[in-house]
Engineer: 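Structure provided below as structure tokens; questions to follow.
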Amino acid sequence: MRILVTGGAGFIGSHYVRTLLDGGYPGCENARVTVLDKLTYAGCRENLPATHPRLDFVRGDVCDGPLLRDLLPGHDAVVHFAAESHVDRSVESAAEFIRTNVGGTQTLLDACLTAGVGRVVQVSTDEVYGSIEEGSWTEEHPLLPNSPYAASKAAADLIARSYWRTHGLDLSITRCSNNYGPYQHPEKLIPLFVTNLLEGLPVPLYGDGRNVREWLHVDDHCRAIHLVLTKGSAGEIYHVGGGNARTNRALTDRLLHLCGADASMVRRVADRKGHDLRYALDETKIRDELGYAPRVTFDQGLADTVAWYADNRAWWTAHKRPPSAG
Ligand code: NAD
């Protein structure tokens, strides 16, 4: 089996690729992997093995049709992670989100059709549904994205679905809650707070901290994606939630504790524009139909993640303060 992984040098994509190459997905121990990644500020070649006999790395853009048409023939499957992924950046400027997340998905899927790729997974997010005060979303819930990031992912999901419906492309969509784990860029909440605390700096908490997110370890998310790739049905959407709902305030308290700090390190900052209050996914479908269950407990996963950042200062320092930032 030969799998093309877009965005495979980013946080979640690189975890998927490392696990695949390590033989972590039974039945795919000999899979060959091609990573296509533009290496934006979020992607890093060092997140992947420098050399591996079953890995090919291609630096390139998912919006580059001719490149994709050259690259895709011979691949059996595509897992599409590549995206601009940070909500705050999309609030500042949305153009790159629309170009990569929407245009890139359409360009990639066209190339998949031309090359006759047998299976595609579009990796998406719970944010496409907007915000929910109580209860949880099923896969049938209407899309009502609030941020430009979420809107670009919702648009990509609809394009992906249309390529299944119109062209018969064998494609499934996963929608996951917030991920955490090693190699996550320090602009995101958990690594930002942990690395600030490791540096003795305060942590910026949005608004009153009562926004609720579900947290899932990246290893569980990647296992779910691989399950959908190998066992999911065409045209179907699968939620991957994890069920660890926490307010940002409660999560902050936990991180303070794990880093040996106290509430004096918290700085309240103006809330994010249009900040969604609560996300909650119903993941009955992937559990019942594909037998998925998360394995990493939140307490253990979070403690391991804090330990990883403590042990990998050089990695996150380079990302937090790239040389061009002065
Ligand atoms: P990330 O920002 O860490 O990585 C994105 C990767 O895509 C980077 O390596 C980057 O270089 C690459 N990329 C960006 N633009 C590209 C382009 N035009 N062409 C080729 N490569 C490009 O993101 P992540 O957190 O790993 O998220 C991966 C996917 O999972 C995204 O599609 C995101 O929407 C989705 N997702 C993320 C989360 C989360 O909590 N992080 C939750 C649910 C879904």
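First listed ligand is number 1; within each ligand, the first listed atom is number 1.
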Engineer: Measuring from the heavy atoms of K153, does anything fall under 4.0 Å of ligand 1?
Structural biologist: yes
Engineer: Mind checking side chain to side chain contact (heavy atoms under 4.5 Å, CB included) for H141 and listing every partner two or more places apart, or none if nothing turns up?
Structural biologist: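 Expected list: Y129, W137.
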Engineer: Atom 40 (O) of ligand 1: which protein heavy atom is closest, and how many Å away?
Structural biologist: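 Residue, atom and distance for the closest contact: N179 N, 2.8 Å.
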Engineer: S177 near ligand 1, heavy-atom distance under 4.0 Å?
Structural biologist: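 Distance cut 4.0 Å: S177 passes for ligand 1.
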Engineer: Can you pull out the closest protein heavy atom to atom 38 (C) of ligand 1? Residue, atom name and distance to 0.1 Å, please.
Structural biologist: I12 CD1, 3.6 Å
Engineer: Who's the nearest protein heavy-atom neighbour of atom 35 (C) of ligand 1, and how far?
Structural biologist: V123 CG1, 4.1 Å
Engineer: Could you please spell out the steps behind the side chain to side chain contact (heavy atoms under 4.5 Å, CB included) verdict for E214 and Y279?
Structural biologist: CA-CA 7 Å; E214 290 184 297; Y279 303 141; 5.7 Å; no
Engineer: Considering only protein heavy atoms, which is closest to atom 34 (O) of ligand 1, and at what distance to one decimal place?
Structural biologist: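 The protein heavy atom lying closest is Y149 OH, 2.6 Å.
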Engineer: Checking R18 against Y183: charged group under 6.0 Å from the ring centre and within 45 degrees of the axis?
Structural biologist: yes
Engineer: Counting heavy atoms only, which part of S124 comes closer than 4.0 Å to ligand 1: side chain, backbone, both or neither?
Structural biologist: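 Only the backbone of S124 comes within reach of ligand 1.
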Engineer: Once the angle between the rings of H226 and Y16 is folded into 0 to 90°, is it parallel (under 30°), tilted (30 to 60°) or perpendicular (over 60°)?
Structural biologist: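 Taking Y16 first and then H226, their aromatic rings sit tilted (interplane angle of 30° to 60°).
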Engineer: Do me a favour and list the nearest non-hydrogen protein atom to atom 19 (N) of ligand 1 with residue, atom name and distance?
Structural biologist: V62 N, 3.0 Å
Engineer: So that I can tick it off, tell me whether K153 and D157 are bridged by a salt bridge, with the cut-off set at under 4.0 angstrom between side-chain N and carboxylate O.
Structural biologist: no
Engineer: Report the nearest protein non-hydrogen atom to atom 9 (O) of ligand 1: residue, atom name, distance rounded to 0.1 Å.
Structural biologist: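 Answer, as residue, atom name and distance: D37 OD2, 2.6 Å.
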Engineer: Please state which option from F97, F81, Y41, W215 has its nearest heavy atom closest to atom 29 (C) of ligand 1.
Structural biologist: F81
Engineer: Against ligand 1, does L39 come closer than 4.0 Å with any heavy atom?
Structural biologist: yes
Engineer: Numbering the atoms of ligand 1 from 1, which are under 4.0 Å from a heavy atom of G60?
Structural biologist: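 Ligand 1 atoms under the 4.0 Å threshold to G60: 19 (N), 20 (C).
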Engineer: Answer with side chain, backbone, both or neither: which part of C63 has a heavy atom less than 4.0 angstrom from an atom of ligand 1?
Structural biologist: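 The answer is neither.
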Engineer: Is a side-chain donor or acceptor of T100 paired with a backbone partner of A83 at a separation under 3.5 angstrom?
Structural biologist: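 Not at all, since once roles are kept as given, no pair shorter than 3.5 Å links the two residues.
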Engineer: Using a strict cut-off of 4.0 Å, indicate which atoms of ligand 1 neighbour a heavy atom of S85.
Structural biologist: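 Once the distances to S85 are compared, the set is 1 (P), 2 (O), 23 (O).
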Engineer: Are side-chain heavy atoms of F81 and I225 found at a separation under 4.5 Å?
Structural biologist: yes
Engineer: Tell me: protein heavy atom nearest atom 21 (N) of ligand 1, and distance?
Structural biologist: K38 N, 3.1 Å
Engineer: So, is the end of the R89 side chain (NZ or CZ) under 6.0 Å from the ring centre of Y41 and within 45° of the ring's axis?
Structural biologist: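 Verdict for Y41: a cation-pi partner in R89.
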Engineer: With respect to atom 14 (C) of ligand 1, which of A42, A83, A82 exhibits the smallest heavy-atom separation?
Structural biologist: A83
